[in-house]
Amino acid sequence: MKNVTNLFLVSLFSGITTIGAYKLFIEDATASKNIITTANALSAKTVGLSPETIDFTQAAETALHQVVHVKNVSYRTVSNPIMEFMYGYKGGQQQQQIGTGSGVIISEDGYIVTNNHVINEAQDIEITLNNKKTYKAKLIGTDSKMDIALLKVDAEEKLPYAVFADSDQVKVGEWVLAVGNPYNLNSTVTAGIVSAKARNLDTGGIQSFIQTDAVVNPGNSGGALVNTQGELIGINTMISSNTGSYVGYSFAVPSNITRKIIEDIMEFGNVQRGILGIEGYELNGNASKELNLSETQGFYVNKVTKNSGAEKAGIKTGDVITKLDSQNITSFAELSGYVNTKRPNDEIKVAVNREGKSLIIPVKLTKKELINYEFYGLEIEDLDAADKKQFGIKGGVKIKNITNEKLVPYSEELKGSIILSIDGIKATDVESISRNLGSKSEKQGVRVELMLKNGQVMRIII
């Protein structure tokens, strides 16, 4: 009997030990596994954001009513040379030409922003709202350099309008919507992400595009690029394509630049441009090695323009600009994009590295028209409207004075002439020349194509 009792106690103790071990090891391991699985699931939800997890509907609904269709009507006279020769017929037939694009309402009283190329040479402009109402529009002003135009319609009611966001705060990878009203259809919406900021396409104008992979086709030019709150972060302006149709990337003028242009046009009648007054180039590994610099990012100052804000503030050749106010600077596009949001006499805090020391230099921007840019002993300035009309050209720079000893004997012929290109690169304005020659030394020769005052085109090497 005693043996049976002992056997029973041993069995009972073994069972308790087994159950305890199961509870301690098996259930705890299972619980841990469940916790890990749950944590991974939460992590997946946080990192793996898909379009389905973001609600685009509110932003789309808001933007749809703010984007309009823009119809550009122009007329040209078409002559018939055979009729003129055979019968002495004079005159021609009026032919209507129609262009289309999109625009964005930016105020309840009917101001609308679009691309300059959408309304270029228009004689009549018609706006169609998303509710199909149509209005004649008046052209208030344009900025061909930045491809922005401001229109105005007189509507009977208050119009829904876009709210500007701070485009400097836009982040790469952020979801965006491209909204357009092409070919007089209802507004269309496409989604994508911001692929890059401050994109330089070397267009001779704006050098600080927002790049996105949202689908944008030609009829959507002038339409809105908005964030997921429906706020305006850019004006869609162009696509990168050999066919003229969307193939992967599109570009928008940032809202901060757009807003500044519009405010200038409304207040001054034209765009007020300030400049730092520097030339140079963005750094990379190779350039830094050649210059014996420790920095591999920033804008290297190769030359400071006389009488500019930069010269007066004490910026020197060899400085590396790393920041303008709170904006980091790693490329020319970022530098020019930020300066283009400012006006003459605005002050910018320029952070530079100078021989290993970090400095903050306040610079008051100079009015672009007050600066005479000089290169290779040629003092040049931008063309005005009268110059362009006189020479029948759309771009170039005028030679104002000659200080190059080799060219002084020919100064009478050269003064007032127009530089058309330098080393085969079109000279659209002073800024384009400054940008293209920023990395060159004046010891290097350049080929210059000139149009003399008599209209003759010649080429010289200086």
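FYI, the numbering just counts along the sequence from 1. Quick caveat, the model's predicted, so the values are computed rather than measured.
Without hydrogens or angle criteria, Thr366 side chain to Ser308 main chain gives no donor-acceptor distance under 3.5 Å. Asn220 contributes no side-chain N or O that, together with a main-chain N or O of Gly223, makes up a donor-acceptor pair within less than 3.5 Å. Here the side chain of Asn115 pairs a donor or acceptor atom with the backbone of Asp147 at under 3.5 angstrom. Looking at Asp423, its side chain does come within 3.5 Å of a backbone N or O of Arg447 through a donor-acceptor pair. A donor-acceptor distance shorter than 3.5 angstrom exists from the side chain of Thr114 to the backbone of Ser102, with no hydrogens or angles considered. For Thr212 (side chain) and Ile193 (main-chain N/O), a donor-acceptor pair under 3.5 Å exists by modelled atom type. With hydrogens and angles ignored, the 3.5 Å screen pairs a side-chain donor or acceptor of Glu311 with a backbone N or O of Asn307. Proximity of a side-chain donor or acceptor of Asp346 to a complementary backbone N or O of Lys342 within less than 3.5 Å is not detected. In this structure, Ser288 contributes its side chain and Gly285 its backbone to no donor-acceptor pair below 3.5 Å. Within the 3.5 Å criterion, the main-chain N or O of Gln272 finds a donor-acceptor partner in the side chain of Asp264.
Here the closest heavy-atom approach between residue Asn181 and residue Thr128 is recorded as ND2-O, 4.3 Å. Across all their heavy atoms, Leu150 and Leu139 have their closest contact at O-CD1, 3.7 Å. Closest approach of Asn236 and Ala252 over heavy atoms only: OD1-CB, 3.8 Å. In plain terms, the two heavy atoms of Val194 and Lys197 that are nearest each other are CG1-CG, 4.2 Å. Closest approach of His69 and Gly101 over heavy atoms only: ND1-O, 3.5 Å. Listed here is the closest heavy atom pair of Pro254 and Ser208: CG-O, 3.0 Å.
Between Leu283 and Glu295 there is a side-chain heavy-atom pair separated by less than 4.5 Å. Looking at heavy atoms from C-beta onward, Leu276 lies in side-chain contact with Val363 at the 4.5 angstrom threshold. Residues Leu129 and Ile105 have side chains in contact (heavy-atom distance under 4.5 Å, counting atoms from C-beta outward). Tyr135 places none of its side-chain heavy atoms less than 4.5 Å from the side chain of Glu126. Inter-residue side-chain proximity for Val104 and Ile112 is flagged as unmet; no heavy-atom pair is nearer than 4.5 Å. Between Ile98 and Lys71, some side-chain heavy-atom pair lies under the 4.5 Å cut-off. Looking at heavy atoms from C-beta onward, Leu378 lies out of side-chain contact with Thr403 at the 4.5 angstrom threshold. Annotation: side chain of Val113 is in contact with side chain of Thr258 (closest heavy-atom distance under 4.5 Å).
A search for salt bridge (charged side-chain N to carboxylate O under 4.0 Å, His left out) contacts involving Asp325 returns nothing, not counting sequence neighbours. Listed by chain and number, the residues in a side chain to side chain contact (heavy atoms under 4.5 Å, CB included) with Glu347 are Pro362 (sequence neighbours excluded). Residues satisfying the side chain to side chain donor-acceptor pair (under 3.5 Å) criterion with Ser421, sequence neighbours excluded, are Glu449.
Around CD of Gln297, the count of heavy atoms belonging to other residues, nucleotides or ligands within 6.0 Å does not exceed 12. Under a cut-off of 6.0 angstrom, the local environment of NZ in Lys152 is crowded, with over 12 non-hydrogen atoms contributed by other residues, nucleotides or ligands. Summarising the local packing, NZ of Lys453 is surrounded by more than 12 heavy atoms from other residues, nucleotides or ligands at distances under 6.0 Å. The environment of Glu355 atom CD is sparse: at most 12 non-hydrogen atoms of other residues, nucleotides or ligands sit within 6.0 angstrom. At most 12 non-hydrogen atoms from other residues, nucleotides or ligands lie less than 6.0 angstrom from OH of Tyr161. Annotation: Glu156, atom CD; neighbour count of heavy atoms from other residues, nucleotides and ligands within 6.0 Å is above 12.
Atom CD1 of Ile348 is separated from atom CD1 of Ile321 by 9.5 Å, given to the nearest 0.5 angstrom. Atoms CG and OG1, on Leu225 and Thr237 in that order, are 12.0 Å from each other to the nearest 0.5 Å. A distance of 13.5 Å separates CD1 of Ile119 from OG1 of Thr100, quoted to the nearest 0.5 Å. Between the OG atom of Ser417 and the CD1 atom of Ile380 there is a distance of 13.0 Å, given to the nearest 0.5 Å. Leu414 contributes atom CG, which lies 9.0 Å from atom CD1 of Ile419 (distance to the nearest 0.5 angstrom). Atom-to-atom distance recorded for Lys306:NZ and Lys303:NZ is 8.0 Å, nearest 0.5 angstrom.
Classified by interplanar angle (parallel below 30°, tilted 30° to 60°, perpendicular above 60°), the ring pair Phe209/Phe251 is perpendicular. Using cut-offs of 30° and 60° on the angle between ring planes, the pair Phe332 and Phe299 is tilted.
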For Leu365 and Asn345, run side chain to side chain contact (heavy atoms under 4.5 Å, CB included): C-alpha distance rounded to whole Å, both residues' side-chain angles, the deciding distance at 0.1 Å, then the answer.
CA-CA 5 Å; Leu365 299 183; Asn345 296 319; over 6 Å; no
Test salt bridge (Lys or Arg N to Asp or Glu O under 4.0 Å) on Arg343 and Glu263; report intermediate values, then the result.
CA-CA 11 Å; Arg343 294 190 178 96; Glu263 289 172 352; 3.6 Å; yes
For a salt bridge (Lys or Arg N to Asp or Glu O under 4.0 Å) check, start with the C-alpha distance between Asp143 and Arg273, then their side-chain angles and the critical distance, and finish with the verdict.
CA-CA 11 Å; Asp143 183 7; Arg273 288 202 171 89; 2.5 Å; yes
Could you go through Asp166 and Asn256, starting from their C-alpha distance and side-chain angles, then the distance that decides it, and tell me whether this counts as side chain to side chain donor-acceptor pair (under 3.5 Å)?
CA-CA 6 Å; Asp166 182 355; Asn256 286 2; 2.8 Å; yes
Using the side chain to side chain contact (heavy atoms under 4.5 Å, CB included) rule, take Leu177 and Thr228 through it: C-alpha gap first, then chi angles, then the decisive distance, then the call.
CA-CA 7 Å; Leu177 300 178; Thr228 52; over 6 Å; no
Using side chain to side chain donor-acceptor pair (under 3.5 Å), reason through Thr57 and Glu61 one step at a time and then give a plain yes or no.
CA-CA 6 Å; Thr57 56; Glu61 176 63 24; over 6 Å; no
Does the side chain to side chain contact (heavy atoms under 4.5 Å, CB included) test come out yes or no for Ile233 and Val226, once each step is laid out?
CA-CA 5 Å; Ile233 63 171; Val226 302; 5.8 Å; no
Hey, mind stepping through Val350 and Ile360 against side chain to side chain contact (heavy atoms under 4.5 Å, CB included) and telling me if it holds?
CA-CA 6 Å; Val350 181; Ile360 304 293; over 6 Å; no
Could you go through Lys398 and Asp387, starting from their C-alpha distance and side-chain angles, then the distance that decides it, and tell me whether this counts as salt bridge (Lys or Arg N to Asp or Glu O under 4.0 Å)?
CA-CA 9 Å; Lys398 182 194 284 187; Asp387 293 325; 3.0 Å; yes
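Looking at Asn302 and Glu279, their side chains never bring a donor and an acceptor atom within 3.5 Å of each other. Looking only at atom types and distance, the side chain of Glu334 has a donor-acceptor partner in the side chain of Thr330 under 3.5 Å away. Judged by distance alone, the side chains of Asn353 and Ser358 do bring a donor and an acceptor atom under 3.5 Å apart.
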